[in-house]
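Working notes, beginning with the structure itself.
In this chain, numbering begins with 1 at the start of the sequence shown.
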Amino acid sequence: MNLANLLHTSASRYPDAPALAIGTEVLATYSDHSDCSSRLAGALLSLPGIEAGDRVAIAMKNCPEYSEIIFAAWHAGLSIVPINFRLHPREFSYILSHSGAKVCFVSDDIAQGIEEISGDISHLGEVITAGSSRYREMMAHNTIDQAEVEADDLAWLFYTSGTTGRPKGAMLTHANLRAMNAAYFASVDEIGHSDCIIHAAPYSHGSGLYLLPHVKRGACQVIPVSGGFNPGEVFNLLKHWEGAMLFMAPTMVTRLINAPDMETADTTNLKTIVYGGAPMYTEDCVKALKLLGPKLVQIYGQGEAPMSITALSRGLHSGSMTSSYYKRLASVGLAQHGVEVRVADAKDNDVPTGEIGEVLVRGPVVMRGYWNNANASEQTLRGGWLHTGDMGAIDESGFLTLKDRSKDMIISGGSNIYPREIEEVLLHHEDVVECSVIGRKHPEWGEEVVAFIVAKESAKVTETELNTLCLEHIARYKRPRVYRFIDALPKNNNGKVLKTKLRDIIES
(Lines give C-alpha, C1' and ligand atoms only; values in the text may rest on other atoms or scores of the structure.)
Protein backbone atom coordinates (compact mmCIF):
# COMPACT_ATOMS: atom_id res chain seq x y z
CA MET A 1 0.00 0.00 0.00
CA ASN A 2 3.01 2.35 0.19
CA LEU A 3 2.48 5.25 -2.24
CA ALA A 4 6.21 5.20 -3.01
CA ASN A 5 5.50 2.08 -5.02
CA LEU A 6 3.79 4.26 -7.66
CA LEU A 7 7.18 5.75 -8.52
CA HIS A 8 9.15 2.52 -8.37
CA THR A 9 6.62 0.62 -10.51
CA SER A 10 6.75 3.30 -13.20
CA ALA A 11 10.55 3.25 -13.00
CA SER A 12 10.49 -0.47 -13.84
CA ARG A 13 8.00 0.02 -16.68
CA TYR A 14 9.36 3.26 -18.16
CA PRO A 15 12.97 3.54 -16.91
CA ASP A 16 14.09 5.95 -19.63
CA ALA A 17 10.93 8.08 -19.74
CA PRO A 18 11.33 11.70 -18.59
CA ALA A 19 10.14 12.05 -14.99
CA LEU A 20 11.22 15.53 -13.89
CA ALA A 21 11.86 18.62 -15.99
CA ILE A 22 12.34 22.31 -15.41
CA GLY A 23 11.21 24.42 -18.33
CA THR A 24 12.05 22.37 -21.41
CA GLU A 25 15.05 20.62 -19.85
CA VAL A 26 14.67 17.04 -18.64
CA LEU A 27 16.51 16.60 -15.33
CA ALA A 28 15.69 13.00 -14.47
CA THR A 29 14.28 9.85 -15.99
CA TYR A 30 12.01 7.57 -13.99
CA SER A 31 14.99 5.36 -13.22
CA ASP A 32 16.90 8.42 -11.92
CA HIS A 33 13.93 9.66 -9.89
CA SER A 34 13.38 6.29 -8.24
CA ASP A 35 17.07 5.92 -7.40
CA CYS A 36 17.37 9.44 -5.94
CA SER A 37 14.27 9.03 -3.79
CA SER A 38 15.54 5.72 -2.43
CA ARG A 39 18.91 7.28 -1.55
CA LEU A 40 17.26 10.28 0.11
CA ALA A 41 15.01 7.88 2.05
CA GLY A 42 18.10 6.19 3.45
CA ALA A 43 19.59 9.53 4.40
CA LEU A 44 16.39 10.54 6.19
CA LEU A 45 16.35 7.39 8.31
CA SER A 46 20.00 7.97 9.23
CA LEU A 47 19.19 11.34 10.83
CA PRO A 48 19.25 11.35 14.65
CA GLY A 49 15.85 10.70 16.21
CA ILE A 50 14.03 9.83 12.97
CA GLU A 51 11.71 6.83 13.25
CA ALA A 52 9.04 5.24 11.08
CA GLY A 53 5.86 7.35 11.06
CA ASP A 54 7.62 10.66 11.75
CA ARG A 55 6.71 13.78 9.81
CA VAL A 56 8.83 15.54 7.18
CA ALA A 57 7.84 19.17 6.53
CA ILE A 58 8.29 20.75 3.10
CA ALA A 59 8.19 24.56 2.82
CA MET A 60 9.34 25.17 -0.73
CA LYS A 61 8.47 26.79 -4.01
CA ASN A 62 7.82 24.41 -6.89
CA CYS A 63 11.06 22.70 -7.85
CA PRO A 64 12.21 19.22 -8.97
CA GLU A 65 13.42 18.37 -5.47
CA TYR A 66 9.85 18.58 -4.18
CA SER A 67 8.86 15.28 -5.80
CA GLU A 68 12.11 13.64 -4.69
CA ILE A 69 11.39 14.54 -1.07
CA ILE A 70 7.77 13.39 -1.17
CA PHE A 71 8.60 9.94 -2.50
CA ALA A 72 11.71 9.64 -0.31
CA ALA A 73 9.64 10.26 2.81
CA TRP A 74 7.07 7.65 1.79
CA HIS A 75 9.79 5.19 0.77
CA ALA A 76 11.23 5.54 4.29
CA GLY A 77 7.83 5.02 5.96
CA LEU A 78 7.52 8.71 6.91
CA SER A 79 4.73 11.18 6.18
CA ILE A 80 4.92 14.64 4.64
CA VAL A 81 3.68 18.02 5.83
CA PRO A 82 3.56 20.32 2.79
CA ILE A 83 3.40 23.98 3.87
CA ASN A 84 2.49 27.00 1.77
CA PHE A 85 5.86 28.72 1.31
CA ARG A 86 4.19 32.15 1.42
CA LEU A 87 3.15 31.88 5.07
CA HIS A 88 4.41 34.21 7.80
CA PRO A 89 7.19 32.85 10.07
CA ARG A 90 4.72 32.70 12.98
CA GLU A 91 2.44 30.51 10.88
CA PHE A 92 5.35 28.27 9.90
CA SER A 93 6.27 28.01 13.56
CA TYR A 94 2.81 26.83 14.59
CA ILE A 95 2.55 24.14 11.89
CA LEU A 96 6.07 22.87 12.48
CA SER A 97 5.43 22.73 16.23
CA HIS A 98 1.96 21.20 16.07
CA SER A 99 2.86 18.57 13.48
CA GLY A 100 5.90 17.39 15.43
CA ALA A 101 7.99 17.50 12.24
CA LYS A 102 11.51 16.14 12.78
CA VAL A 103 13.04 17.70 9.65
CA CYS A 104 12.05 20.51 7.31
CA PHE A 105 13.11 20.99 3.68
CA VAL A 106 13.04 24.60 2.48
CA SER A 107 13.69 26.76 -0.56
CA ASP A 108 16.77 28.95 -0.36
CA ASP A 109 14.69 32.15 -0.40
CA ILE A 110 12.92 31.31 2.87
CA ALA A 111 15.67 29.26 4.51
CA GLN A 112 16.81 32.08 6.77
CA GLY A 113 13.31 32.75 8.09
CA ILE A 114 12.77 29.08 8.95
CA GLU A 115 16.23 28.81 10.53
CA GLU A 116 15.42 31.76 12.80
CA ILE A 117 12.35 30.04 14.27
CA SER A 118 13.70 26.48 14.28
CA GLY A 119 15.63 26.96 17.52
CA ASP A 120 12.36 27.32 19.42
CA ILE A 121 11.06 23.95 18.15
CA SER A 122 12.79 21.26 20.20
CA HIS A 123 11.77 18.27 18.08
CA LEU A 124 12.86 19.86 14.77
CA GLY A 125 16.26 18.33 14.22
CA GLU A 126 17.39 19.89 10.96
CA VAL A 127 16.39 22.44 8.33
CA ILE A 128 17.72 21.46 4.89
CA THR A 129 17.78 23.70 1.83
CA ALA A 130 16.87 21.90 -1.39
CA GLY A 131 19.76 21.79 -3.82
CA SER A 132 22.34 22.75 -1.19
CA SER A 133 25.60 20.90 -0.52
CA ARG A 134 23.87 19.26 2.46
CA TYR A 135 21.07 18.06 0.17
CA ARG A 136 23.57 16.69 -2.37
CA GLU A 137 25.40 14.92 0.46
CA MET A 138 22.17 13.16 1.43
CA MET A 139 21.68 12.08 -2.18
CA ALA A 140 24.94 10.15 -1.98
CA HIS A 141 23.54 7.81 0.69
CA ASN A 142 23.05 4.13 -0.08
CA THR A 143 19.64 3.07 -1.35
CA ILE A 144 17.34 1.24 1.07
CA ASP A 145 14.41 -1.12 0.75
CA GLN A 146 10.95 0.40 0.66
CA ALA A 147 9.24 0.49 4.05
CA GLU A 148 6.11 -1.53 4.70
CA VAL A 149 3.12 0.60 5.66
CA GLU A 150 -0.50 -0.05 6.52
CA ALA A 151 -3.36 1.36 4.45
CA ASP A 152 -4.42 3.61 7.33
CA ASP A 153 -0.94 4.99 8.00
CA LEU A 154 -0.50 8.74 7.65
CA ALA A 155 0.94 9.87 4.31
CA TRP A 156 0.08 13.58 3.89
CA LEU A 157 -0.70 15.97 6.78
CA PHE A 158 -2.54 18.90 5.21
CA TYR A 159 -3.01 22.01 7.34
CA THR A 160 -6.17 23.92 6.59
CA SER A 161 -6.41 27.53 7.70
CA GLY A 162 -8.67 27.63 10.74
CA THR A 163 -12.04 29.36 10.83
CA THR A 164 -12.31 28.93 14.59
CA GLY A 165 -8.75 29.50 15.69
CA ARG A 166 -5.59 27.64 14.78
CA PRO A 167 -5.17 25.62 11.55
CA LYS A 168 -6.10 21.95 11.75
CA GLY A 169 -4.04 19.13 10.25
CA ALA A 170 -6.15 16.84 8.06
CA MET A 171 -4.69 13.32 8.20
CA LEU A 172 -4.63 11.80 4.73
CA THR A 173 -3.59 8.16 4.65
CA HIS A 174 -2.00 5.99 1.96
CA ALA A 175 -5.45 4.52 1.36
CA ASN A 176 -7.04 7.99 1.06
CA LEU A 177 -4.61 9.05 -1.65
CA ARG A 178 -4.89 5.76 -3.52
CA ALA A 179 -8.68 6.29 -3.55
CA MET A 180 -8.08 9.82 -4.85
CA ASN A 181 -6.00 8.31 -7.67
CA ALA A 182 -8.77 5.88 -8.57
CA ALA A 183 -11.32 8.71 -8.58
CA TYR A 184 -9.07 10.76 -10.88
CA PHE A 185 -8.96 8.06 -13.56
CA ALA A 186 -12.65 7.21 -13.23
CA SER A 187 -14.14 10.71 -12.95
CA VAL A 188 -11.62 13.32 -14.07
CA ASP A 189 -9.22 12.31 -16.83
CA GLU A 190 -7.06 9.59 -18.35
CA ILE A 191 -3.28 9.89 -18.57
CA GLY A 192 -0.76 8.34 -20.96
CA HIS A 193 2.92 7.79 -20.17
CA SER A 194 3.87 10.35 -22.84
CA ASP A 195 1.73 13.04 -21.18
CA CYS A 196 2.87 15.57 -18.59
CA ILE A 197 1.64 17.80 -15.79
CA ILE A 198 2.85 21.40 -15.72
CA HIS A 199 3.06 22.49 -12.08
CA ALA A 200 2.05 26.15 -12.40
CA ALA A 201 0.03 25.90 -9.16
CA PRO A 202 1.70 25.07 -5.80
CA TYR A 203 2.90 21.56 -5.04
CA SER A 204 1.72 22.11 -1.46
CA HIS A 205 -1.91 21.93 -2.60
CA GLY A 206 -3.81 20.52 -5.58
CA SER A 207 -1.02 20.36 -8.12
CA GLY A 208 1.11 18.33 -5.71
CA LEU A 209 -1.70 15.87 -5.11
CA TYR A 210 -2.16 15.44 -8.84
CA LEU A 211 1.46 14.39 -9.26
CA LEU A 212 0.27 10.97 -8.00
CA PRO A 213 -1.88 9.88 -10.98
CA HIS A 214 0.77 11.23 -13.34
CA VAL A 215 3.55 9.29 -11.65
CA LYS A 216 1.37 6.18 -11.70
CA ARG A 217 1.14 6.46 -15.49
CA GLY A 218 4.81 7.38 -16.00
CA ALA A 219 4.07 10.93 -17.17
CA CYS A 220 6.54 13.80 -16.78
CA GLN A 221 6.35 16.49 -14.11
CA VAL A 222 7.26 19.86 -15.61
CA ILE A 223 8.16 22.77 -13.34
CA PRO A 224 8.13 26.24 -14.91
CA VAL A 225 11.48 28.02 -14.57
CA SER A 226 9.68 30.77 -12.62
CA GLY A 227 8.41 28.15 -10.15
CA GLY A 228 4.89 29.52 -10.50
CA PHE A 229 2.24 30.75 -12.89
CA ASN A 230 2.90 33.13 -15.76
CA PRO A 231 0.62 32.93 -18.82
CA GLY A 232 3.41 33.65 -21.32
CA GLU A 233 5.60 30.98 -19.77
CA VAL A 234 2.76 28.44 -19.90
CA PHE A 235 2.19 29.16 -23.59
CA ASN A 236 5.89 28.64 -24.30
CA LEU A 237 5.91 25.34 -22.41
CA LEU A 238 2.90 24.16 -24.41
CA LYS A 239 4.97 24.54 -27.59
CA HIS A 240 7.36 21.91 -26.25
CA TRP A 241 5.37 19.49 -24.09
CA GLU A 242 2.63 17.28 -25.54
CA GLY A 243 -0.36 15.97 -23.63
CA ALA A 244 -0.08 18.72 -21.05
CA MET A 245 -2.37 18.93 -18.02
CA LEU A 246 -2.56 21.92 -15.69
CA PHE A 247 -4.31 22.19 -12.35
CA MET A 248 -5.48 25.78 -11.91
CA ALA A 249 -7.54 27.97 -9.65
CA PRO A 250 -10.30 29.67 -11.66
CA THR A 251 -8.48 33.00 -11.39
CA MET A 252 -5.49 31.41 -13.14
CA VAL A 253 -7.72 30.21 -15.98
CA THR A 254 -9.14 33.73 -16.28
CA ARG A 255 -5.67 35.25 -16.42
CA LEU A 256 -4.61 32.70 -19.04
CA ILE A 257 -7.49 33.35 -21.44
CA ASN A 258 -7.25 37.12 -21.01
CA ALA A 259 -3.48 37.24 -21.54
CA PRO A 260 -2.25 39.22 -24.58
CA ASP A 261 -0.52 36.09 -25.93
CA MET A 262 -3.78 34.12 -25.97
CA GLU A 263 -4.76 35.40 -29.42
CA THR A 264 -1.66 33.93 -31.08
CA ALA A 265 -0.92 31.04 -28.71
CA ASP A 266 -0.78 27.48 -30.01
CA THR A 267 -2.60 25.34 -27.43
CA THR A 268 -2.70 22.16 -29.50
CA ASN A 269 -0.54 20.35 -26.93
CA LEU A 270 -2.84 21.34 -24.06
CA LYS A 271 -4.82 18.24 -23.15
CA THR A 272 -6.66 19.23 -19.96
CA ILE A 273 -7.12 22.07 -17.51
CA VAL A 274 -8.54 20.82 -14.23
CA TYR A 275 -9.84 23.79 -12.26
CA GLY A 276 -11.08 23.95 -8.69
CA GLY A 277 -10.67 25.56 -5.31
CA ALA A 278 -13.17 28.35 -5.98
CA PRO A 279 -16.22 29.07 -8.16
CA MET A 280 -15.63 29.82 -11.83
CA TYR A 281 -17.81 32.58 -13.26
CA THR A 282 -19.96 31.05 -16.01
CA GLU A 283 -18.99 33.75 -18.50
CA ASP A 284 -15.30 32.99 -17.99
CA CYS A 285 -15.95 29.27 -18.38
CA VAL A 286 -17.75 29.78 -21.69
CA LYS A 287 -14.97 32.05 -22.94
CA ALA A 288 -12.31 29.49 -22.00
CA LEU A 289 -14.18 26.74 -23.83
CA LYS A 290 -14.43 28.90 -26.94
CA LEU A 291 -10.72 29.75 -26.90
CA LEU A 292 -9.26 26.43 -25.76
CA GLY A 293 -11.81 23.91 -26.90
CA PRO A 294 -13.35 21.10 -24.81
CA LYS A 295 -10.40 20.80 -22.43
CA LEU A 296 -11.89 21.86 -19.10
CA VAL A 297 -12.70 19.64 -16.10
CA GLN A 298 -13.92 21.05 -12.80
CA ILE A 299 -13.37 19.33 -9.47
CA TYR A 300 -14.64 20.10 -5.98
CA GLY A 301 -12.86 18.86 -2.90
CA GLN A 302 -11.22 20.12 0.26
CA GLY A 303 -8.24 19.24 2.42
CA GLU A 304 -10.36 16.72 4.31
CA ALA A 305 -11.41 14.93 1.08
CA PRO A 306 -8.71 15.92 -1.39
CA MET A 307 -9.80 16.79 -4.93
CA SER A 308 -12.44 14.07 -4.94
CA ILE A 309 -15.92 15.14 -3.89
CA THR A 310 -17.51 15.99 -7.25
CA ALA A 311 -16.40 16.53 -10.85
CA LEU A 312 -17.80 18.23 -13.93
CA SER A 313 -16.17 16.22 -16.70
CA ARG A 314 -14.92 17.37 -20.08
CA GLY A 315 -18.07 15.96 -21.68
CA LEU A 316 -20.35 17.76 -19.23
CA HIS A 317 -18.71 21.05 -20.20
CA SER A 318 -20.04 20.58 -23.73
CA GLY A 319 -23.50 21.60 -24.88
CA SER A 320 -25.65 24.23 -26.54
CA MET A 321 -26.10 27.64 -24.92
CA THR A 322 -29.37 26.86 -23.16
CA SER A 323 -30.49 27.74 -19.64
CA SER A 324 -29.99 24.13 -18.53
CA TYR A 325 -26.44 24.18 -19.95
CA TYR A 326 -25.57 27.37 -18.05
CA LYS A 327 -27.08 25.85 -14.91
CA ARG A 328 -24.83 22.81 -15.34
CA LEU A 329 -21.73 24.99 -15.81
CA ALA A 330 -22.62 26.83 -12.60
CA SER A 331 -22.58 23.54 -10.69
CA VAL A 332 -19.55 21.59 -9.41
CA GLY A 333 -20.75 18.42 -11.12
CA LEU A 334 -21.57 14.91 -9.98
CA ALA A 335 -20.21 12.78 -7.14
CA GLN A 336 -16.87 11.27 -8.07
CA HIS A 337 -16.12 7.56 -8.26
CA GLY A 338 -16.53 5.81 -4.90
CA VAL A 339 -17.86 8.92 -3.14
CA GLU A 340 -21.31 9.59 -1.67
CA VAL A 341 -22.56 13.17 -1.47
CA ARG A 342 -25.74 14.42 0.15
CA VAL A 343 -27.15 17.70 1.43
CA ALA A 344 -28.52 17.88 4.97
CA ASP A 345 -30.14 20.24 7.46
CA ALA A 346 -28.78 21.22 10.88
CA LYS A 347 -29.90 17.85 12.31
CA ASP A 348 -28.14 15.92 9.51
CA ASN A 349 -31.42 14.97 7.87
CA ASP A 350 -31.51 15.00 4.06
CA VAL A 351 -33.19 18.06 2.56
CA PRO A 352 -35.54 17.75 -0.44
CA THR A 353 -34.09 17.86 -3.95
CA GLY A 354 -33.12 21.39 -4.92
CA GLU A 355 -33.15 22.78 -1.38
CA ILE A 356 -30.06 24.22 0.30
CA GLY A 357 -28.24 22.47 3.12
CA GLU A 358 -24.77 21.51 4.24
CA VAL A 359 -22.78 19.29 1.90
CA LEU A 360 -21.90 15.95 3.54
CA VAL A 361 -19.45 13.45 2.07
CA ARG A 362 -18.64 9.78 2.71
CA GLY A 363 -16.12 7.50 1.06
CA PRO A 364 -12.53 6.22 1.06
CA VAL A 365 -11.13 9.66 0.17
CA VAL A 366 -12.30 11.20 3.47
CA MET A 367 -9.52 11.92 5.94
CA ARG A 368 -8.80 9.78 9.00
CA GLY A 369 -9.37 12.83 11.22
CA TYR A 370 -7.53 15.92 12.46
CA TRP A 371 -4.05 15.58 13.91
CA ASN A 372 -4.13 15.77 17.72
CA ASN A 373 -7.64 17.25 17.71
CA ALA A 374 -10.15 14.60 18.74
CA ASN A 375 -12.97 17.08 19.41
CA ALA A 376 -12.78 18.65 15.95
CA SER A 377 -12.50 15.20 14.35
CA GLU A 378 -15.60 13.96 16.15
CA GLN A 379 -17.61 17.03 15.21
CA THR A 380 -16.55 17.13 11.57
CA LEU A 381 -16.93 13.36 10.99
CA ARG A 382 -20.02 12.78 13.11
CA GLY A 383 -22.31 10.03 11.92
CA GLY A 384 -19.63 8.75 9.56
CA TRP A 385 -20.00 11.71 7.19
CA LEU A 386 -17.57 14.57 6.51
CA HIS A 387 -19.36 17.83 7.27
CA THR A 388 -17.77 20.18 4.74
CA GLY A 389 -19.20 23.45 6.05
CA ASP A 390 -20.17 24.30 2.46
CA MET A 391 -23.79 25.01 1.67
CA GLY A 392 -25.26 23.67 -1.55
CA ALA A 393 -28.15 22.02 -3.35
CA ILE A 394 -28.42 18.84 -5.43
CA ASP A 395 -30.79 18.88 -8.40
CA GLU A 396 -32.90 16.06 -9.80
CA SER A 397 -29.99 14.90 -12.00
CA GLY A 398 -27.52 14.74 -9.14
CA PHE A 399 -25.58 17.92 -9.93
CA LEU A 400 -24.31 19.75 -6.86
CA THR A 401 -24.33 23.55 -6.89
CA LEU A 402 -22.57 25.38 -4.08
CA LYS A 403 -24.58 28.28 -2.75
CA ASP A 404 -22.53 29.73 0.07
CA ARG A 405 -19.65 28.96 2.39
CA SER A 406 -20.89 28.62 5.91
CA LYS A 407 -17.39 29.26 7.18
CA ASP A 408 -17.19 32.66 5.41
CA MET A 409 -13.95 31.66 3.73
CA ILE A 410 -12.47 34.12 1.24
CA ILE A 411 -10.74 32.71 -1.86
CA SER A 412 -8.27 35.12 -3.41
CA GLY A 413 -5.98 34.03 -6.23
CA GLY A 414 -6.79 30.40 -5.43
CA SER A 415 -5.64 30.73 -1.80
CA ASN A 416 -8.02 30.19 1.11
CA ILE A 417 -8.23 33.13 3.52
CA TYR A 418 -10.26 32.93 6.71
CA PRO A 419 -11.70 36.15 8.15
CA ARG A 420 -11.37 35.25 11.83
CA GLU A 421 -7.62 34.84 11.53
CA ILE A 422 -7.30 38.39 10.21
CA GLU A 423 -9.84 39.79 12.67
CA GLU A 424 -7.87 38.41 15.60
CA VAL A 425 -4.74 40.18 14.33
CA LEU A 426 -6.53 43.51 13.80
CA LEU A 427 -7.90 43.36 17.34
CA HIS A 428 -4.32 43.46 18.64
CA HIS A 429 -4.39 47.19 17.89
CA GLU A 430 -5.17 48.93 21.15
CA ASP A 431 -7.53 51.42 19.48
CA VAL A 432 -9.57 48.87 17.51
CA VAL A 433 -12.77 48.03 19.38
CA GLU A 434 -14.37 45.73 16.84
CA CYS A 435 -13.71 44.54 13.33
CA SER A 436 -15.17 42.24 10.73
CA VAL A 437 -13.57 40.91 7.55
CA ILE A 438 -15.36 39.91 4.35
CA GLY A 439 -14.48 39.18 0.74
CA ARG A 440 -15.40 41.39 -2.19
CA LYS A 441 -15.41 40.29 -5.83
CA HIS A 442 -12.25 41.15 -7.71
CA PRO A 443 -11.95 40.82 -11.52
CA GLU A 444 -8.49 39.21 -11.45
CA TRP A 445 -8.14 37.50 -8.06
CA GLY A 446 -11.71 36.31 -7.57
CA GLU A 447 -12.05 38.06 -4.20
CA GLU A 448 -10.14 40.65 -2.21
CA VAL A 449 -10.09 41.12 1.55
CA VAL A 450 -12.06 44.04 3.03
CA ALA A 451 -11.87 44.92 6.73
CA PHE A 452 -14.50 46.96 8.58
CA ILE A 453 -13.00 48.72 11.59
CA VAL A 454 -14.70 50.24 14.64
CA ALA A 455 -12.17 52.38 16.50
CA LYS A 456 -12.24 53.89 19.97
CA GLU A 457 -13.93 57.24 20.15
CA SER A 458 -11.56 60.05 19.10
CA ALA A 459 -8.80 57.53 18.23
CA LYS A 460 -6.80 57.99 15.03
CA VAL A 461 -6.29 54.52 13.59
CA THR A 462 -4.54 54.55 10.21
CA GLU A 463 -4.40 52.02 7.41
CA THR A 464 -0.61 52.08 7.62
CA GLU A 465 -0.71 50.98 11.27
CA LEU A 466 -3.12 48.15 10.48
CA ASN A 467 -1.09 46.98 7.49
CA THR A 468 2.05 46.92 9.60
CA LEU A 469 0.26 44.92 12.29
CA CYS A 470 -0.96 42.36 9.74
CA LEU A 471 2.46 41.97 8.15
CA GLU A 472 3.91 41.22 11.58
CA HIS A 473 1.54 38.30 12.14
CA ILE A 474 0.19 36.84 8.90
CA ALA A 475 1.22 36.27 5.29
CA ARG A 476 1.15 39.30 3.00
CA TYR A 477 -1.51 37.84 0.70
CA LYS A 478 -3.97 37.64 3.63
CA ARG A 479 -3.85 41.30 4.65
CA PRO A 480 -6.85 43.49 3.82
CA ARG A 481 -6.69 45.43 0.56
CA VAL A 482 -9.45 47.78 1.66
CA TYR A 483 -10.27 49.27 5.09
CA ARG A 484 -13.63 50.83 5.93
CA PHE A 485 -13.93 52.74 9.18
CA ILE A 486 -17.48 52.72 10.57
CA ASP A 487 -19.16 53.73 13.84
CA ALA A 488 -20.69 50.30 14.57
CA LEU A 489 -20.97 46.85 13.03
CA PRO A 490 -24.47 45.74 12.01
CA LYS A 491 -25.70 42.94 14.29
CA ASN A 492 -28.77 40.82 14.90
CA ASN A 493 -30.64 40.50 18.19
CA ASN A 494 -28.17 37.90 19.42
CA GLY A 495 -25.21 40.18 18.82
CA LYS A 496 -23.95 38.30 15.75
CA VAL A 497 -22.33 40.49 13.12
CA LEU A 498 -24.42 40.56 9.95
CA LYS A 499 -21.83 40.09 7.23
CA THR A 500 -24.57 40.21 4.61
CA LYS A 501 -25.15 43.84 5.62
CA LEU A 502 -21.44 44.54 5.33
CA ARG A 503 -21.44 43.09 1.83
CA ASP A 504 -24.33 45.40 0.96
CA ILE A 505 -22.32 48.37 2.25
CA ILE A 506 -19.19 47.50 0.29
CA GLU A 507 -21.14 46.92 -2.92
CA SER A 508 -23.14 50.14 -2.63
Side-chain angles (χ1 to χ4, degrees), residues 1-7 9 53 70-71 73-74 77 79-82 147-160 168-191 205-217 247 274 276-277 297-313 332-344 348 350 358-371 373-374 376-390 392 394 398 400:
M1 288 300 295
N2 193 325
L3 290 165
N5 199 48
L6 297 175
L7 172 61
T9 299
I70 288 174
F71 283 101
W74 290 337
S79 56
I80 61 168
V81 188
E148 295 290 334
V149 300
E150 299 296 327
D152 207 34
D153 283 348
L154 180 64
W156 184 298
L157 187 56
F158 180 80
Y159 274 84
T160 60
K168 298 188 289 291
M171 294 187 287
L172 304 176
T173 67
H174 286 262
N176 288 151
L177 297 184
R178 283 190 175 275
M180 182 201 73
N181 254 14
Y184 185 95
F185 294 119
S187 304
V188 180
D189 202 14
E190 189 46 75
I191 301 169
H205 291 72
S207 199
L209 286 163
Y210 275 164
L211 74 84
L212 292 174
H214 286 80
V215 167
K216 180 177 175 62
R217 289 289 193 260
F247 174 74
V274 178
V297 178
Q298 181 184 189
I299 61 94
Y300 161 54
Q302 54 181 209
E304 293 85 348
M307 317 295 281
S308 306
I309 297 177
T310 64
L312 192 69
S313 68
V332 291
L334 303 168
Q336 289 197 38
H337 171 76
V339 178
E340 296 177 75
V341 179
R342 64 188 183 95
V343 174
D348 290 351
D350 288 350
E358 184 178 7
V359 179
L360 307 187
V361 181
R362 183 168 67 179
V365 298
V366 174
M367 67 171 183
R368 196 173 84 193
Y370 291 117
W371 180 259
N373 196 334
S377 298
E378 182 179 356
Q379 179 64 18
T380 302
L381 298 174
R382 63 185 183 274
W385 290 82
L386 170 66
H387 291 65
T388 67
D390 292 326
I394 297 177
L400 172 67

Practice item. Find the distance between CG (Leu212) and CE (Met180) and round it off to the nearest 0.5 Å. Key: 4.5 Å

Review point. Where is the tightest heavy-atom contact between His337 and Ser187, given as atom of each residue plus distance?
Key: N-OG, 2.8 Å

Practice item. Name the orientation class of the two ring planes belonging to Trp74 and Trp156 (parallel below 30°, tilted from 30 to 60°, perpendicular beyond 60°). Key: tilted

Check your understanding: Taking Arg368 for the side chain and Asp152 for the main chain, is one N or O donor matched with an acceptor at less than 3.5 Å?
Key -> yes

Check your understanding: Which pair of heavy atoms, one from Val149 and one from Gly77, lies closest together, and at what distance?
Key -> CG1-CA, 4.2 Å

Exercise for review: Quickly, which of Leu386, Thr388, Val332 forms a side-chain contact (heavy atoms from CB on, under 4.5 Å) with Val359? Name it, please.
Suggested key: Thr388

Revision key, fill the gap. d(Leu360 CG, Leu381 CG) to nearest 0.5 Å is 11.0 Å

**Study point:** Verdict with reasoning, Ile70 to Leu3, per side chain to side chain contact (heavy atoms under 4.5 Å, CB included)
**Key:** CA-CA 10 Å; Ile70 288 174; Leu3 290 165; over 6 Å; no

Exercise for review: Mark yes or no for whether Asn176, through its side chain, and Pro364, through its backbone, hold a donor-acceptor pair below 3.5 Å.
Suggested key: yes

Practice item. Could you walk me through whether Leu6 and Asn181 pass the side chain to side chain contact (heavy atoms under 4.5 Å, CB included) test, one step at a time? Key: CA-CA 11 Å; Leu6 297 175; Asn181 254 14; 3.7 Å; yes

Practice item. Mind checking the CG-CD1 spacing from Asp189 to Ile299? Nearest 0.5 Å is all I need. Key: 12.5 Å

Review point. For Thr380, does its backbone N or O pair with a side-chain atom of His387 as donor and acceptor, under 3.5 Å?
Key: yes

Point to revise | Spacing of OG belonging to Ser313 relative to CG belonging to Leu334, to within rounding of 0.5 Å | key: 7.5 Å

Point to revise | Atom pair CG (Leu172) and CG (Leu209), whose distance is rounded to the nearest 0.5 Å | key: 7.5 Å

Review point. Under the side chain to side chain contact (heavy atoms under 4.5 Å, CB included) criterion, do Phe71 and Leu211 qualify, and how do the steps go?
Key: CA-CA 11 Å; Phe71 283 101; Leu211 74 84; 3.4 Å; yes

Review point. Is Arg178 reaching over with its side chain to a backbone N or O of Asn2, donor-acceptor style, under 3.5 angstrom?
Key: yes

Check your understanding: Taking atom OG of Ser207 and atom NE2 of His214, what is their separation to the nearest 0.5 Å?
Key -> 9.0 Å

Check your understanding: How close do Gly206 and Phe247 get, heavy atom to heavy atom, and via which atoms?
Key -> CA-CE2, 3.7 Å

Check your understanding: Minimum heavy-atom separation for Gly303 to Thr160, with atom names?
Key -> CA-CG2, 4.5 Å

Review point. Below 4.5 Å, heavy atoms only, C-beta onward: do Met171 and Leu157 meet side chain to side chain?
Key: yes

Review point. Within the distance-only criterion (no hydrogens, no angle test), does the side chain of Glu358 pair as donor or acceptor with the backbone N or O of Gly389 below 3.5 angstrom?
Key: yes

Point to revise | Residues Glu190 and Arg217 bridged, charged N to O under 4.0 Å | key: yes

Exercise for review: Quick one: closest heavy-atom pair of Ser308 and Val339, and the distance?
Suggested key: O-CG2, 3.2 Å

Practice item. Go through the steps for Trp385 and Val366 under the test side chain to side chain contact (heavy atoms under 4.5 Å, CB included), then give the verdict. Key: CA-CA 9 Å; Trp385 290 82; Val366 174; over 6 Å; no

Exercise for review: For Gln336 and Tyr300, test the side chains for any donor-to-acceptor distance below 3.5 angstrom and give the result as yes or no.
Suggested key: no

Check your understanding: If every non-hydrogen atom of Leu312 is compared with every non-hydrogen atom of Gly333, which pair is closest and at what distance?
Key -> CD1-CA, 3.7 Å

Point to revise | Test item: Met307 and Val274 side chains (from C-beta on) under 4.5 Å apart, heavy atoms | key: no

Exercise for review: For atom CD of Glu150, decide whether the heavy atoms of other residues, nucleotides or ligands shown that lie under 6.0 angstrom number more than 12.
Suggested key: no

